[in-house]
Amino acid sequence: MISLGAVSGDGASYYAADNYYTANEGTEQSAWAGKAAEALQLSGKVDPTTFEQVLAGTLPDGTQLDARRGEHRPGLDLTFSASKSVSLLALVGGDKRIVTELREAVGATLEWIEKTLIEARVSSGSQQMAERTGNMLAATFLHDVNRNQEPQLHIHAVIANATHASDGKWHALRNDALYTRQHAISAVFNAELRHRLEALGYQTEPARNPIDGAFEIAGVSRQVVEAFSTRSTEIREALAAQGRSSPREREIAALTTRQQKEVVPDPEARAQGWAELAGKLGFNAERLVDAARERLERGQSMWGQVVAGIKGVGARGAALVATMGLTPRDDDALVPERKGRLEPRAYATAQAVASASRDLSEREAGFDRLDLIEGALGGIGPMTVADVEKRIDLLISKGLLVGGERMLTPTATLRLEERILDHLNSARGVVTPMMDRPEAAVRVQEAARDLGLRRLNPGQQAAAVAILSTADRVHYVQGGAGVGKSAALGPVAAIAQAEGRTVHALAVATRTAREFGEKVGAPGKSVSSFIARHRGVLDGSAGTEKLAAAKAEIAGSFIMVDEASMVPNHQFEQILRIAAILGAERVVMAGDTRQLLAVEAGKPFELTQAHGAPTSHIAENLRAASPQMKAVNAALAADDVAGALKALEGHTLEVGRQEAAGIAANRWTALPIDRRDATVLLSPSRAMRSAINAAVQDELRAKDEIGERALELTVLERVSVTREGTRQMRAWQEGNVVAFETALPSQGFARGERGVVVESAGDRATLHMGDGVLKDIVPGRIPKNLCHDAVSVFREKTIALHEGDRIRWTTNDRARGLLNNQQAEVAAIKDDAVTFRAMDGTLHDLKTDDRMLERLDLAYALTVHAAQGMTATSGILVMREEDRRLNSTRSFLVATTRVTDNLTLIVDNAQAVERAVSRNAGDKTSAIAIARDAAPSPALDLPELSLERSR
């Protein structure tokens with residue numbers, strides 16, 4: 001693993017002189033590193049005086065680095081730590097080769113960092129631009145114990161705050177890439193070290209938490225690792241006690257729990273203590289070292305053993321890939337080589353890159369090259385970062401990956417976006433207008449009056465008229481939150497139905513679709529269920545009768561899609577294709593390009609508007625009622641995040657890190673019940689949502705507003721994992737619950753079965769099934785060509801239910817009308833059943849063994865994502881500094897625009913939250929945009945793409 005932190009002002013003395021184990025050997029295990037060090041003629045052991053001067057900003061050539069904000073920042077401490085089993089074999093087992101290979105692995109990783117991540121801010125005119133310089137000045141220090149005097153090999157790479165830029169000057173580092181790419185750095189380091197240790201004859205296996213390719217040496221038990229890891233236990237316990245989890249919080253916990261160092265440690269006494277502990281545990285480190293040496297002498301490396309006795313290059317490559325837990329397929333666009341054309345290691349690398357690309361492509365139309373490297377190195381395999389980069393470059397040269405220096409997209413994704421644009425081009429001028437514009441204008445206002453709506457404003461009327469009078473099959477309605485898009489579509493749907501047309505109301509979420517259907521007077525369906533109903537039309541498997549039935553249902557109809565910004569590429573294209581094949585008269589896409597986007601890949605609603613899709617815009621905000629919320633909405637409409645936060649200043653509370661949930665709960669429960677019901681509690685993160693829910697429940701229990709009797713429930717919380725991710729071992733961690741959504745007959749699992757992971761090792765996991773039987777599964781053999789999830793992965797958590805509690809369902813049970821994210825109240829708790837009252841007053845009795853009792857959660861607080869599309873009079877929004885990835889401009893806009901009158905913002909660090917919201921747009925990528933920005937590729941034939949060309 002790695003950790004990254006700033007070096008304090010007294011860094012020189014700490015790193016150079018105050019070693020963990022002897023006061024006089026701080027520089028004996030040190031070395032200069034980096035091209036900048038070479039340029040300054042710094043090599044070999046680190047001289048403490050020179051090192052101290054470098055950290056103070058004075059370089060050996062006499063350069064004095066400028067101090068920003070009055071004080072020079074010394075640099076960064078990038079610490080590379082070997083896993084505990086590696087440290088034990090080196091220090092208890094006495095294998096000094098491991099120390100050498102650790103140094104080599106760190107050196108290779110630092111070279112990659114230098115080439116890839118080292119940047120400076122360089123003036124370009126009146127602006128400061130980030131420039132990748134390709135040189136760094138670093139000093140490395142090898143340590144072999146932790147604060148508790150336990151075996152822990154680690155190397156501090158102290159990266160000085162200096163790099164030489166293209167203007168010929170020395171500059172301070174721009175640290176952003178180093179901080180944001182810690183996972184990629186960790187994956188590169190783990191792969192480099194693992195590769196070298198396997199070459200020494202050691203067998204490796206994924207760590208208990210195999211993030212970033214973390215591994216252990218096979219044969220060192222978990223009991224032994226934990227016995228020699230009291231320092232890690234101290235840090236974990238400190239984090240748990242304070243509810244902390246982020247890397248920065250781990251760093252703080254490490255500092256606050258560390259012991260004072262021994263002034264004069266006794267290495268011999270320490271080694272004797274290690275040997276005695278190993279003896280008590282029955283751990284023979286020397287035997288594992290000897291076994292590794294013997295394997296090396298016999299030429300039996302770990303991966304060599306996998307292919308031993310297997311004839312044929314192709315068969316050996318397949319064996320490597322199977323051991324990695326990956327399943328190749330013949331039609332993989334990113335592995336076009338014929339079987340046997342790639343030598344085994346290259347084939348393994350190719351499959352790792354292809355798997356990582358599939359994983360990333362499920363959530364994004366394009367991805368960063370560094371994310372692809374991180375993903376490819378995140379599992380086990382006989383490859384290093386050099387192998388992966390070589391493969392990526394080859395795929396780019398062949399046009400199979402398209403992009404520039406950083407952003408990439410698979411050609412298949414690019415072609416999908418092109419097809420979406422082609423569908424829209426083909427939809428131009430192909431239908432007959434229902435009526436002319438003057439008639440439409442009169443009819444929509446009459447329909448609005450008949451529906452009991454207020455008179456449509458000019459923007460709403462223009463949108464409704466355009467839909468009814470256009471000759472285009474597809475029309476968009478673009479408008480921000482609260483502008484009344486649904487109110488404009490209600491009259492359109494009423495007129496269409498009066499003219500004999502069927503209306504289909506769709507949305508991504510079933511609950512949203514039902515609510516949208518009520519607004520437009522049509523049955524609401526989820527997008528996925530609509531597509532599934534017409535799957536045979538899409539894949540050509542529908543027979544004559546089914547095709548005729550589908551045409552009867554869709555031909556001449558109006559398909560209306562709400563929250564269209566949340567529809568991903570593949571579903572967007574399928575809706576348009578279904579409409580074209582079956583002859584729909586209109587496809588109306590309504591949404592907002594500035595709100596939350598699809599969970600899956602793509603932003604087609606935004607992309608197609610940018611390419612000229614026929615669009616009506618509704619701008620007048622009808623939701624904001626108070627001066628405060630009008631000011632917030634006006635600022636956000638102008639992309640002024642700072643202005644929106646300023647409008648909330650008088651309603652913003654800055655509280656302690658651990659106080660936010662309790663304060664939010666206290667404020668909400670202090671309201672009269674009718675005002676509570678009109679006040680939404682929101683947070684971007686699921687963790688904070690859970691904390692607020694628990695705090696509200698405690699407050700209500702103290703007020704005797706919910707029943708005293710508690711029913712303890714173990715509920716399932718979904719683990720966010722892609723379909724490709726379920727085929728990899730990292731999703732199959734001990735304790736995870738796995739539900740089979742489709743039958744896997746080749747592995748003996750039926751649809752609907754469920755099991756708990758009790759062991760995960762190698763390429764397989766062992767599940768404890770509901771009937772008590774243990775069954776093995778090889779995740780890599782799960783089919784990768786399914787259009788739906790083969791399995792769903794969950795974690796268990798415990799909640800208590802009381803009569804009067806507010807809950808929400810976390811899955812659909814359509815037969816009983818229990819819909820995902822729909823709320824209900826606990827009406828009664830009995831010995832054998834729980835009664836829930838739905839929002840419409842319907843009562844549902846669920847027996848205590850009903851599986852839907854596992855698929856619920858408390859619903860006092862909601863995530864921002866779950867709240868898109870809803871409206872409340874008041875709101876309380878809780879945002880934390882540590883949720884910086886979730887604190888985006890889009891999530892902040894969605895949260896604030898749910899509220900009509902009064903919003904309270906609770907933060908733990910106002911400046912950090914504002915910085916995150918301003919910097920993180922929350923955008924998704926477009927394959928077409930990536931291809932446009934890339935340098936022309938001879939292998940890529942990219943046509944001119946614009947809907948304007950068909951006009």
Side-chain angles (χ1 to χ4, degrees), residues 511 660-683 685-718 794-813 816-867 870 872-878 898:
R511 177 187 60 84
I663 290 174
N666 182 268
R667 281 186 160 248
W668 188 80
T669 55
L671 297 171
I673 292 178
D674 59 335
R675 288 184 59 192
R676 286 183 207 162
D677 292 340
T679 302
V680 62
L681 274 166
L682 294 174
S683 176
S685 78
R686 292 196 295 181
M688 178 51 70
R689 176 194 64 192
S690 294
I692 297 171
N693 277 331
V696 168
Q697 193 179 55
D698 287 344
E699 293 271 359
L700 295 178
R701 184 70 204 91
K703 292 172 179 284
D704 290 326
E705 293 189 26
I706 56 177
E708 179 178 355
R709 179 180 181 181
L711 174 64
E712 295 286 333
L713 290 179
T714 299
V715 299
L716 301 180
E717 189 169 56
R718 186 177 292 274
F794 304 92
R795 292 190 187 96
E796 293 182 333
K797 76 172 185 179
T798 302
I799 64 171
L801 281 192
H802 302 261
E803 290 183 358
D805 265 330
R806 181 188 299 180
I807 65 99
R808 63 182 178 86
W809 305 108
T810 59
T811 192
N812 290 313
D813 184 336
R816 290 187 282 187
L818 309 179
L819 303 181
N820 187 28
N821 224 29
Q822 193 176 62
Q823 296 186 18
E825 180 183 302
V826 181
I829 296 176
K830 307 167 190 174
D831 290 337
D832 62 344
V834 184
T835 302
F836 296 92
R837 182 180 293 107
M839 301 304 287
D840 63 1
T842 305
L843 295 177
H844 299 275
D845 287 320
L846 274 64
K847 297 294 184 182
T848 51
D849 61 352
D850 194 310
R851 280 198 168 181
M852 281 300 285
L853 288 181
E854 297 175 321
R855 304 304 306 277
L856 58 81
D857 202 352
L858 296 172
Y860 299 110
L862 301 174
T863 61
V864 173
H865 197 278
M870 72 179 297
T873 303
S874 299
I876 299 172
L877 172 61
V878 182
R898 298 309 93 203

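Computed over heavy atoms, backbone and side chain alike; hydrogens, waters and symmetry mates excluded.
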Does a side-chain heavy-atom distance below 4.5 Å link [X] with [Y]?
X      : Y      : answer
Leu700 : Arg676 : yes
Thr835 : His844 : no
Met852 : Thr811 : yes
Val715 : Glu796 : no
Arg795 : Arg718 : no

Is it true that [X] and [Y] have a side-chain N and a carboxylate O under 4.0 angstrom from each other?
X      : Y      : result
Arg837 : Glu825 : yes
Asp831 : Arg709 : yes
Arg806 : Asp857 : no
Arg689 : Glu717 : yes
Asp813 : Arg851 : no

As an exercise, state the distance from [atom1] of [X] to [atom2] of [Y], rounded to the nearest 0.5 Å.
X      : Y      : atom1 : atom2 : result
Leu681 : Asn693 : CG    : CG    : 8.0 Å
Gln822 : Phe836 : CD    : CZ    : 13.0 Å
Asp832 : Asp845 : CG    : CG    : 9.0 Å
Leu856 : Leu818 : CG    : CG    : 10.0 Å
Arg511 : Met839 : CZ    : CE    : 10.5 Å

* To do: Could you please spell out the steps behind the side-chain contact (heavy atoms from CB on, under 4.5 Å) verdict for Val834 and Leu711?
  => CA-CA 9 Å; Val834 184; Leu711 174 64; 3.4 Å; yes
* Asked: So is Arg855 actually on top of Trp809's ring, under 6.0 Å and inside 45° of the axis?
  ->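 No cation-pi geometry.
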Between [X] and [Y], which heavy-atom pair has the shortest distance, and what is it?
X      : Y      : value
Asn666 : Glu699 : ND2-OE2, 3.5 Å
Glu803 : Ile829 : OE2-N, 3.0 Å
Met688 : Ala660 : CE-CB, 4.3 Å
Glu712 : Ala800 : OE2-CB, 3.8 Å
Ala661 : Ala695 : O-CB, 3.9 Å
Trp668 : Thr679 : NE1-O, 3.1 Å

Is the backbone of [Y] close enough, under 3.5 Å, to the side chain of [X] for a donor and an acceptor to pair up by distance?
X      : Y      : result
Gln823 : Ile807 : no
Ser683 : Val878 : yes
Asp805 : His802 : yes
Asn820 : Asn812 : no
Ser690 : Arg686 : yes

* Checking side-chain contact (heavy atoms from CB on, under 4.5 Å) for the pair Leu846/Arg816: CA distance, chi angles, key distance, verdict? -> CA-CA 11 Å; Leu846 274 64; Arg816 290 187 282 187; 4.0 Å; yes
* To do: Go through the steps for Leu713 and Glu854 under the test side-chain contact (heavy atoms from CB on, under 4.5 Å), then give the verdict.
  => CA-CA 7 Å; Leu713 290 179; Glu854 297 175 321; over 6 Å; no
* **Residue of the set Leu862, Ile876, Ile692 for which side chain to side chain contact (heavy atoms under 4.5 Å, CB included) holds with Leu682** => Leu862
